[in-house]
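Counting convention: from 1, in listed order, for ligands and their atoms alike.
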Amino acid sequence: MVWFVVVDRSGDRCHLRHQDRSGFFSLSLAVLLFLQMWSLYQIERWIDRPPGAPRPRTWGLWRHAFDRLEDIRLEDDRSRAEMAEWLARFRQTMSLLPDGVVIVDGVMHLEWCNPAAQKHLGLNLERDEGRLLTNLIRSPDFVDYMLSGRFDRPLPFVHGDRKILVELISFENRRQILVTHDVTQNEKADIMRRDFIANASHELRTPLTVINGFLEHALSSEMSAETRQQQLRLMAEQAQRMHRLVADMLTLTRLESLVQQASADTVRIKPLLNRLVEEAMALSAGRHSISLMAQEVDLKGNHDELESAFANLLSNAVRYTPEGGHVAVIWGMENDGATLRVIDDGIGIAAEHLDRLTERFYRVDKTRSRSTQGTGLGLAIVKHVLLRHRANLHITSEYAKGSCFKVIFQRAQLASRQD
Ligand code: ADP
């Protein structure tokens with residue numbers, strides 16, 4: 001109800017009169033309410049649209065609210081874009097890591113892992129996400145470690161053909177990170193080192209025992225000048241054997257510790273082979289016929305290393321070829337590159353040994369190797385020298401018929417006048 005002041009037409013009297021206009025106000029209120037609702041509806045629609053969509057027309061307080069909302073939205077979009085960029089960067093960095101990273105929730109369900117972890121643990125993120133890690137990796141050692149709750153030390157465990165070191169690190173309240181590190185190669189290197197030391201000690205122990213025995217005998221008993229002379233000769237032989245062994249071990253260790261490629265001096269191969277063939281003839285002492293066919297092809301590389309590799313191949317050919325046999329050395333350009341062949345018609349090698357010949361101390365016939373002054377390291381040295389000169393060794397052999405050791409140097413390894 002509303003009161004109005006009414007002025008009479010007849011005079012200046014005025015009086016108060018009330019009039020019922022509630023319909024008009026209700027209508028205004030409804031319009032106002034509708035406009036508010038409409039604005040809210042507009043906001044809702046606008047918020048659902050992609051960023052940058054035109055703003056609906058608004059007025060008064062609503063315009064102000066839209067301004068604030070738009071600022072918040074822009075800020076939100078910016079943060080999202082930044083987050084997405086960080087996430088992409090994080091994933092890229094993680095995928096480049098050689099170590100594996102696995103994120104699990106508080107009860108060990110797989111949330112995420114990088115490619116290295118997939119490789120180390122045989123996981124597949126698409127397939128395994130959300131699954132229990134201890135169901136995916138069932139190695140008892142691994143399961144015990146994960147359930148033990150004691151993660152102060154990493155756990156080494158064998159997974160397939162790999163040896164993996166895993167360490168669990170708690171992060172956030174309800175998440176944990178499992179870091180994996182593949183130590184298969186370190187393990188292999190350790191085993192090789194241990195074997196090498198065991199073999200080397202064994203190889204050195206034999207001549208030392210012989211020398212010791214002679215010395216004790218010489219000190220404890222009288223002996224004729226002739227026996228003494230004979231024993232001294234045998235001791236000298238054993239001492240030389242030890243010397244050769246130590247020299248080969250040092251050469252091999254030095255070659256293995258060098259990380260960079262061999263030097264790139266020009267090495268004139270033909271004169272080098274001429275000299276090595278002369279040495280082989282001296283070793284053969286007329287028991288073999290030795291021939292050389294060499295082209296004037298020179299290499300880039302380290303003279304001493306190449307000399308030691310080629311000398312080993314030639315001396316093997318002489319030592320493993322019985323008297324009356326032939327050794328041929330052929331050097332020159334072939335289709336694959338510069339090629340050296342050392343061919344003999346000696347005792348040959350059965351097929352099952354061929355793959356292992358370049359291993360340290362691997363011998364097919366131990367007695368023959370020792371009696372011909374072998375150390376068991378010659379072909380290991382050859383392999384390392386060739387590796388450092390980007391060359392390949394191919395061995396073909398037939399038992400009791402003979403062998404061919406073929407070395408191929410890439411064209412890039414030729415000295416410039418052949419380029
Ligand atoms: P070693 O000092 O015993 O000769 P190497 O490493 O040079 O050691 O050779 C490894 C083994 O390979 C030898 O013990 C021998 O059994 C075999 N071998 C190498 N060259 C020949 C060859 N030309 N003919 C037959 N057997 C060979």
Kindly give the heavy-atom pair with the smallest separation between Trp62 and Ile43, and that separation in Å. CZ3-CD1, 3.3 Å
Looking at Leu414 and Ala338, what are the two nearest heavy atoms and their distance? CD2-CB, 3.7 Å
Can you list the atoms of ligand 1 that are under 4.0 Å from a heavy atom of [X]?
| X | value |
| --- | --- |
| Arg319 | 1 (P), 2 (O), 4 (O) |
| Asp365 | 16 (O) |
| Tyr362 | 10 (C), 11 (C) |
| Arg363 | 3 (O), 14 (O) |
| Gly376 | 1 (P), 2 (O), 3 (O), 6 (O), 8 (O) |
| Thr375 | 2 (O) |

Test of understanding: given a 4.0 Å heavy-atom threshold, classify the contact between Ile349 and ligand 1 as side chain, backbone, both, or neither. side chain
Between [X] and [Y], what is the ring plane arrangement, given parallel below 30°, perpendicular above 60°, and tilted in between?
| X | Y | value |
| --- | --- | --- |
| His353 | Tyr362 | tilted |
| Phe157 | Phe142 | tilted |
| His389 | Phe409 | perpendicular |

[X] touching ligand 1 at heavy-atom level, < 4.0 angstrom:
| X | result |
| --- | --- |
| Lys366 | no |
| Asp344 | yes |
| Ser403 | yes |

Shortest protein contact, [atom] (heavy atom only):
| atom | result |
| --- | --- |
| atom 5 (P) of ligand 1 | Leu379 N, 3.6 Å |
| atom 12 (O) of ligand 1 | Leu357 CD2, 3.3 Å |
| atom 19 (C) of ligand 1 | Asn316 ND2, 3.5 Å |
| atom 16 (O) of ligand 1 | Val364 N, 3.0 Å |
| atom 21 (C) of ligand 1 | Tyr320 CD1, 3.5 Å |
| atom 3 (O) of ligand 1 | Ser369 OG, 2.6 Å |

Give a yes or no on whether a salt bridge exists between [X] and [Y], defined as a side-chain N under 4.0 angstrom from a carboxylate O.
| X | Y | answer |
| --- | --- | --- |
| Arg80 | Asp76 | yes |
| Asp190 | Arg193 | yes |
| Arg241 | Glu237 | no |
| Glu203 | Arg360 | no |

Which of these, Thr184, Asp99, Thr180, sits in a side-chain hydrogen bond (donor to acceptor under 3.5 Å, both in side chains) with His120?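 Result: among Thr184, Asp99, Thr180, Thr180 is the only option passing the side-chain hydrogen bond (donor to acceptor under 3.5 Å, both in side chains) with His120.
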Is Arg89 positioned over the aromatic face of Trp86, cation under 6.0 angstrom from the ring centre and no more than 45 degrees off axis?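 Flagged: Arg89 positioned over aromatic ring of Trp86.
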Checking His159 side chain against Ile164 main chain: does a donor-acceptor pair fall under 3.5 Å?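 Looks like no, no N/O pair under 3.5 Å.
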Geometric N/O contact [X] with ligand 1, under 3.5 angstrom:
| X | value |
| --- | --- |
| Gly374 | no |
| Phe405 | no |
| Gly348 | no |

